[in-house]
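Reviewing the structure listed below.
All values derive from a computational prediction rather than experimental measurement.
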Amino acid sequence: MTTVATSLRTRHLLGIEDLTAPEIDLVLQTASAMKEVGTRPIKKVPTLRGRTIINLFFEPSTRTRMSFELAEKRLSADTLGMTTSGSSVVKGETLADTARTIEAMSPDMIVIRHASSGAPHQLARISRASIINAGDGMHEHPTQGLLDAFTMLERKGRLAGLKVAIVGDLLHSRVFRSNALLLTKMGAEVRACGPATLMPFGMARLGIHTTSSIDEAVAGADVVMMLRVQHERMQGLFLPSMREYFNLFGLTVARLKHAAPDVIVMHPGPMNRGVEIDSEVADGPWSVILDQVANGVAVRMAVLYLLAGGEGGEP
Amino acid sequence: MRFLLKSVHLVDPAAGRNGTFDLLVENSRIARIGRDLPAGDAAVVDLPSSFVVTPGLIDIHVHLREPGQEHKETVATGTASAVAGGFTAVACMPNTDPINDNVAVTELIVKRAAEAALARVYPIGAVSLGSKGAQLTEIGDLCKAGCVAITDDGRPVQTALLMRRALEYASMFKIPVIDHCEDPSLKGDGVMHEGPAASMLGLRGIPGVAESVMVERDISMAELTGGHFHVAHMSARQSLRAVRDGKQRGVHVTAEVAPHHFLLTDEAIVERGGYDTNFKMNPPLRSSDDRDAMLDGLRDGSIDVIATDHAPHHADEKALEFDRAPFGIVGLETCVSLCFDRLVHAGHISIVRLIELLAANPARVMNLPGGTLTEGGPADITILAPDAPVTVRASAFKSKGRNTPFDGWTLKGAVAATIVGGRAVYVNEGVLGRKTLTNP
């Protein structure tokens with residue numbers, strides 16, 4: 001196992017790209033402690049009391065927004081949210097102006113979800129607050145990558161050497177990018193699987209094996225992670241139909257038989273049952289999909305705590 | 001006004017000159033070029049021996065934004081930028097608002113250029129009305145009003161048939177059809193080069209073949225019609241291969257490349273902290289293979305022209321998210337320094353070849369006056385200081401645009417002065433000193 005860092009070098013979490021393996025270990029270990037808070041009768045610690053966190057969601061989100069809000073509240077931060085509808089954004093305000101306006105209110109942290117890749121990076125150049133990327137375009141979703149790793153670690157006891165198949169629309173997936181970066185940094189073996197029309201360039205450079213055969217990807221896998229396929233991909237030239245997608249890439253019990261006997265199945269949600277995953281698999285004993293949701297809160301608490309400088313006492 | 005440039009190093013490839021000459025300028029024209037010319041009553045200008053005197057540089061791909069987008073640039077600020085960059089003439093693209101698809105717009109640009117009285121301005125007209133790809137513009141009329149070429153730049157010439165007809169029709173006026181080559185279906189909503197860097201940044205990619213399939217189409221149309229097709233801002237190695245093949249077959253095809261495409265790659269967007277919109281242009285910064293191919297083309301002569309694709313945008317527009325910000329960077333005031341530092345001093349090309357790319361060939365490709373210095377011809381002269389150090393300062397640009405990826409770069413090679421029609425329209429006092437070349 002690598003050495004664990006004692007703090008994060010940066011005050012932002014823009015992507016897994018910026019984290020070292022010891023820093024990832026630190027977040028995951030801190031998340032273990034945070035998870036314990038969620039089991040107490042009073043699920044609240046004073047760690048971030050007096051800190052202001054703004055949740056800036058320029059794109060619809062249910063689970064990520066709720067998960068962040070819950071994490072913030074459990075750490076006693078003052079939080080407020082802004083979503084695109086009903087905000088100045090619909091009146092044509094630019095990201096830079098919105099950022100400056102919010103900056104004037106002196107928040108300590110800004111959690112941002114945005115449809116444009118790189119929007120958090122641009123915000124980080126303007127703002128004095130810590131910026132946390134809650135998903136930017138097709139780029140990264142670092143807290144998802146961390147919570148997925150936490151879930152794997154919880155179930156498998158290690159990340160190094162794990163065989164992880166990630167299946168779906170890799171081209172458009174920020175979940176894939178964050179997971180692929182994190183897992184390769186931690187020494188796992190990543191097999192990226194998807195239709196050739198949805199395969200990003202340059203995966204070999206990251207040490208990632210690519211295939212369009214789900215059977216090849218799943219064979220002997222310790223973890224199978226299914227990604228959501230957007231319905232709009234079926235309307236263009238990427239894919240002919242949902243039916244064919246399920247036939248070629250859908251995860252079924254029969255396919256899962258070739259994985260490791262103790263395989264776990266993951267999905268970042270929301271699921272398209274019958275498109276990328278059969279209900280029998282999603283609801284079966286392999287599935288850790290709801291663990292992922294539960295762990296999301298603990299991992300986000302860890303990230304908020306560490307970016308705040310690890311101050312305010314132990315949780 | 002008379003002045004004598006005494007014993008200067010003259011580089012004029014079109015005239016076959018590369019050596020020490022005297023140049024006598026009388027009023028707006030070159031009176032004599034020779035050796036040991038008597039000064040008479042002319043003011044004698046002595047230049048440091050390291051300086052080089054060349055025919056006025058010409059940038060054939062510039063967006064002056066007027067009419068309609070004066071918040072980005074005007075003819076006055078754009079030509080001020082041009083002369084500060086050593087260019088005595090520019091050809092400006094028709095994607096103004098309204099589009100330069102009729103004589104009224106052409107005449108306005110010509111009038112504004114005369115008022116500014118800095119660089120010469122050669123308007124380029126649209127191929128189709130509104131650049132919409134449906135109906136040819138009145139090309140004869142546009143030429144009469146001063147247009148020197150046609151293009152739907154900003155957009156590709158939409159169909160093979162339109163390209164065919166444009167080439168046929170334009171050949172009557174002996175003007176080139178310039179195409180911004182890009183297959184719209186392959187470009188999609190891409191914002192940078194398709195490759196590993198785009199994958200890492202999660203930005204939609206534009207493959208190099210989006211350009212080359214249309215270059216190949218247009219070369220076929222030029223071959224069919226005998227017309228002259230000029231490739232705007234070539235960026236992909238596949239396009240260069242097509243141009244080389246076309247030239248070998250005797251097709252009338254010429255090509256230009258912009259400095260950023262032979263200097264930078266898509267990796268630059270990752271390196272600079274990511275998502276800096278001053279690295280977003282169309283065509284996009286491509287792979288190192290493409291960049292190296294462009295350098296090869298500059299060395300071996302298959303690329304005809306260096307043109308900047310000067311595309312000023314307002315800072316507010318460039319401050320948008322990467323995928324929402326407009327494409328384009330300014331280029332007029334950095335071109336010469338970049339070319340000296342990264343092409344000549346780096347040993348890729350000689351100074352003679354550089355002047356061919358920046359003066360002789362632009363004039364030849366677009367059938368423009370100038371590009372060479374002749375007795376009796378207009379005194380459009382650029383004086384260059386190849387060894388002078390330069391630090392790029394976007395905030396000091398004459399252009400309204402500050403959108404450059406080269407801000408802060410330190411380079412060797414500067415513009416010392418720019419003379420248009422015998423008048424020093426730009427003097428770099430830091431390089432040339434205060435007294436030299438003052439106008440009466």
Side-chain angles (χ1 to χ4, degrees), chain A residues 10 12 14-18 58-59 89 92-100 112 114-126 133 135-142 170-178 180-181 192 197-208 210 236-238, chain B residues 71 183-210 236 265-280 284-290 313-326 402-403 407:
Chain A
T10 61
H12 306 298
L14 301 178
I16 297 296
E17 210 175 347
D18 307 324
F58 291 92
E59 211 183 42
V89 176
E93 188 174 75
T94 63
L95 173 64
D97 281 338
T98 305
R100 283 187 200 103
I112 176 173
H114 200 289
S116 293
S117 300
H121 304 67
Q122 290 172 308
L123 190 58
R125 284 200 274 266
I126 300 169
N133 182 358
D136 64 324
M138 308 170 359
H139 179 229
E140 278 221 48
H141 191 354
L170 306 173
L171 183 65
H172 299 97
S173 177
R174 53 196 175 208
V175 175
F176 165 64
R177 275 175 186 73
S178 287
L181 286 166
T197 46
L198 293 169
M199 190 71 77
F201 269 80
M203 290 301 102
R205 194 164 77 165
L206 293 176
I208 291 167
T210 59
L237 296 170
F238 286 114
Chain B
H71 65 291
D183 181 293
S185 69
L186 286 172
K187 188 216 171 196
D189 44 12
V191 295
M192 70 175 285
H193 178 63
E194 181 176 279
S199 294
M200 289 311 300
L201 291 165
L203 293 171
R204 288 172 209 270
I206 308 170
V209 294
T265 69
D266 57 347
E267 298 292 339
I269 306 170
V270 182
E271 286 157 12
R272 293 267 300 239
Y275 307 102
D276 183 341
T277 58
N278 286 327
F279 289 79
K280 181 182 177 184
L285 299 175
R286 298 209 182 270
S287 71
S288 53
D289 286 347
D290 295 293
H313 290 292
H314 195 275
D316 290 347
E317 296 162 329
K318 276 292 195 182
L320 293 174
E321 295 86 333
F322 195 92
D323 54 357
R324 293 179 61 201
R402 301 283 181 265
N403 46 316
D407 195 23

Report yes or no: does A:Gln122 contribute a side-chain atom to a donor-acceptor pair with the main-chain N or O of B:Leu320 at less than 3.5 Å? yes
Which portion of [X] sits near chain B, non-hydrogen atoms under 4.5 angstrom:
| X | result |
| --- | --- |
| A:Glu17 | side chain |
| A:Asp18 | neither |
| A:Leu14 | neither |
| A:Leu206 | side chain |
| A:Ala115 | backbone |

When rounded to the nearest 0.5 angstrom, what distance separates OG1 in A:Thr94 from CD in B:Glu317? 11.5 Å
Rounded to the nearest 0.5 Å, how far apart are CG of B:Asp323 and CG of A:Asp136? 10.0 Å
Close side-chain approach of A:His121 and B:Phe322, heavy atoms under 4.5 Å: no
Pairs of donor and acceptor atoms involving the side chains of residues 194-206 of chain B, under 3.5 Å and at least two apart or interchain, shall be tabulated with distances.
{"unit_1": "B:Ser199", "atom_1": "OG", "unit_2": "A:Phe201", "atom_2": "N", "d": "3.1"}
{"unit_1": "B:Ser199", "atom_1": "OG", "unit_2": "A:Phe201", "atom_2": "O", "d": "2.7"}
{"unit_1": "B:Ser199", "atom_1": "OG", "unit_2": "B:Gly195", "atom_2": "O", "d": "3.4"}
{"unit_1": "B:Arg204", "atom_1": "NH1", "unit_2": "A:His172", "atom_2": "NE2", "d": "3.4"}

Not counting sequence neighbours, which residues clear salt bridge (charged side-chain N to carboxylate O under 4.0 Å, His left out) with B:Asp266? List them please. none
